[in-house]
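Have a look at the structure below before the remarks.
Letters go in sequence order (proteins before strands), and every chain restarts at 1.
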Amino acid sequence: MATCTLLTDFGTRDWYVGALKGTLLRLAPGVVLVDVTHDIDAGDVTAASFVLGGAALTFPPGTVHLAVVDPGVGSSRRLLAVEVRPMGVSGGAGSAHVFVAPDNGLLTPVLDGSLVHAVDRPDLYLDAPGHTFHGRDRFAPVAAALLRGTALDELGPRIVDPVRLPARPPHRDEARGRLEGHVVHVDRYGNLVTDLPGSWLRGRLSSARAGTVEIARIATHYAALEAGVPALVIGSLGTIEIAVRDGSAALLTGIRRGDPVTVELSP
Amino acid sequence: MATCTLLTDFGTRDWYVGALKGTLLRLAPGVVLVDVTHDIDAGDVTAASFVLGGAALTFPPGTVHLAVVDPGVGSSRRLLAVEVRPMGVSGGAGSAHVFVAPDNGLLTPVLDGSLVHAVDRPDLYLDAPGHTFHGRDRFAPVAAALLRGTALDELGPRIVDPVRLPARPPHRDEARGRLEGHVVHVDRYGNLVTDLPGSWLRGRLSSARAGTVEIARIATHYAALEAGVPALVIGSLGTIEIAVRDGSAALLTGIRRGDPVTVELSP
Amino acid sequence: MATCTLLTDFGTRDWYVGALKGTLLRLAPGVVLVDVTHDIDAGDVTAASFVLGGAALTFPPGTVHLAVVDPGVGSSRRLLAVEVRPMGVSGGAGSAHVFVAPDNGLLTPVLDGSLVHAVDRPDLYLDAPGHTFHGRDRFAPVAAALLRGTALDELGPRIVDPVRLPARPPHRDEARGRLEGHVVHVDRYGNLVTDLPGSWLRGRLSSARAGTVEIARIATHYAALEAGVPALVIGSLGTIEIAVRDGSAALLTGIRRGDPVTVELSP
């Protein structure tokens, strides 16, 4: 049976999640719905993009991923359907991941090498009294069409200019032995996830700095940290994190998403 | 496979949701469970009713909806099983929605035109040490019986006096060009949802007032609003909402559920 | 189809829950995933254990329960696979519950009479850049193996010394007519759940004391309580709770998990 993941900022106190699920089950009978999250901060496309990037490709090929964080709902922003073929997976129907989302950068982590279509199928959309809930009225019917086997080609033309979130790639200065990146996510434990690849460290940490905080330690896992002392850990996405044992590095340090992080390597 | 939606105020930190789901899966093997919400404020039957009204009928006919917001658990309040046949859907098993809930007004939005039964089947109820968790001990077994194909007639007698939440319908005074209603829900974005049908506006907004707030603008969607200025929008249930772009109208205005809203129409 | 319950402290704002679910669906195609909770306080093994104890055995035998609250992730703590055969259920595959969890006491409520195996199957584990997310990289693949039919014997040796949470059983002093226990959980309604069996009361409540609060009343259900007055209720696990009608006993009394509770019985 086809699987459809759900990632939204709808929260869980309203009728939005229920109406999204009900519409999908009505239009794609038998679909298996999987909640990824509905607790993205309202309108936080950056966080949605990050969570999508960490979760989506763990699902089996053939999964449809519906992601609706859509502050531009009702405006002329496009609706995208995107096919992503994971590295090493080839051929045949059901061998790719398919994403449905607004064209606002949410899909940035999966756009490289993907096929992007701008959906243009008003015949699929539901009649609705307003223009504030395209999740129910447009995204769900489009995802349902894909789940019923509709091909991307039938949904609208290929495009090459989907919106991407601004890129600010991390930087490695080998000559000076310095790595420069940013905090890109703060998780529920208060870990400060950076965009610096852990592989850049190669065990050569001399010291790190984030805001006014100096960090001189590194560990392989949280329980190996000294209590109350921020340290570096290679996290589950392969990037450097700043963590505190049994506590929140974010609360302890005051560092926030977007703040710069510099790592000095020993020679 | 039969589908059962879940709407409760159990929260998500306790064993209550797990025990509800486990009992349903044990007594109705293979049932597909769908979370609508478990984050209704404790005992807030009004909010539960509103969320149910916005979500339930988006599901396919044949769905069983289990809704447990039940401050009267253990008292003599009745347990209802209700059949709702959406407009235009006729005949046959599986062609109606079925609701299971306490008789406390929660089902108000779906009662008109429905068949209401008061459940009287102690043989179905689970033995339990206390009287505080009818969700697990009574509602789940009754829902499971329905999911296994038991007819409503077998659950208990039809009744005609289910509890309804107090009605306070919105009012349209054509002579004076005035609409009078109330805020009936505040959503997670801080939008103030009213009970005023958007169709009553017909583009004739002169001004609106809610509490001490004057509103002079209307837009088709949130992104068309001016930042920081409350405006009217026709929301996803077809009613007038007060919204603020990229912000919370509830926080900005201090307006709360139950507050009156008046709209003056231009001639 | 095999069912797998999920109980974690991952929260619902990150990619962790999605990556756990995606990995399970990829490695055990067709598994039915059921969220018990992801909102255990970060690292609170005691709360996780309590919620597991209240929910797990309501599911049908054959269910696999994956529970990951794992502050020791990446350390040498063991990974357990545990078979639990509910009282009165005998024989055959699929007739037992199976639990997968870290060896940190989380499974305490189901250990008595169970078969415990220490998992030692590095061949199952996923390659990962770090050591911070064994939920995705180790627990999910092990649970998936069980869901595909792998026997516990194939996962690693039986052990007899799984970690248990410290036991502090409640005490009944018949001679003095006194019951002594503790608050073991505070639920989302603010009910103070104790470890005192309700059967010890036998309607003989004289008075109860918790902290500086004296309680002289008992009721069969919440709606029978007098507003604002804490009283005893036999809760859904069969133990004595301290509750307040339409309010939070925890907020009203300041009593917290771990606080002692004494009940005096009338002769």
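Contact of A:Val186 with chain C is made through the backbone alone, with heavy-atom distances under 4.5 Å. Interface remark: A:Asp35 contributes backbone and side-chain atoms alike to the contact with chain C (heavy atom separation under 4.5 Å). Looking at C:Ala128, neither its backbone nor its side chain comes within 4.5 Å of chain A, counting heavy atoms on both sides. For A:Leu237, the parts lying near chain C are the backbone and the side chain together; criterion is any non-hydrogen pair under 4.5 Å. Neither the backbone nor the side chain of C:Asp137 has a heavy atom closer than 4.5 Å to any heavy atom of chain A. For A:Thr220, the parts lying under 4.5 angstrom from a heavy atom of chain C are both the backbone and the side chain.
Ring planes of A:Phe50 and A:His185: parallel class, angle under 30° (limits at 30 and 60°).
For the pairing with C:Asp70, the side chain to side chain donor-acceptor pair (under 3.5 Å) check across C:Arg77, C:Arg138, C:His134 returns one residue only, C:Arg77.
For the pair C:Ser49/C:Thr46, no side-chain contact is recorded, criterion being any heavy-atom separation below 4.5 Å from C-beta on.
Residue C:Asp123 places its CG atom among more than 12 non-hydrogen atoms of other residues, nucleotides or ligands, all under 6.0 Å distant. Taking a 6.0 Å sphere around CZ of A:Arg256, one finds it holds 12 or fewer heavy atoms contributed by other residues, nucleotides or ligands.
Residue with the most contacts toward chain C among A:Gly54, A:Ala243, A:Ser236: A:Ser236 (heavy-atom pairs, distance under 4.5 Å).
One finds no salt bridge joining C:Arg188 and C:Asp39 here, because no Lys/Arg side-chain nitrogen approaches an Asp/Glu carboxylate oxygen to under 4.0 Å.
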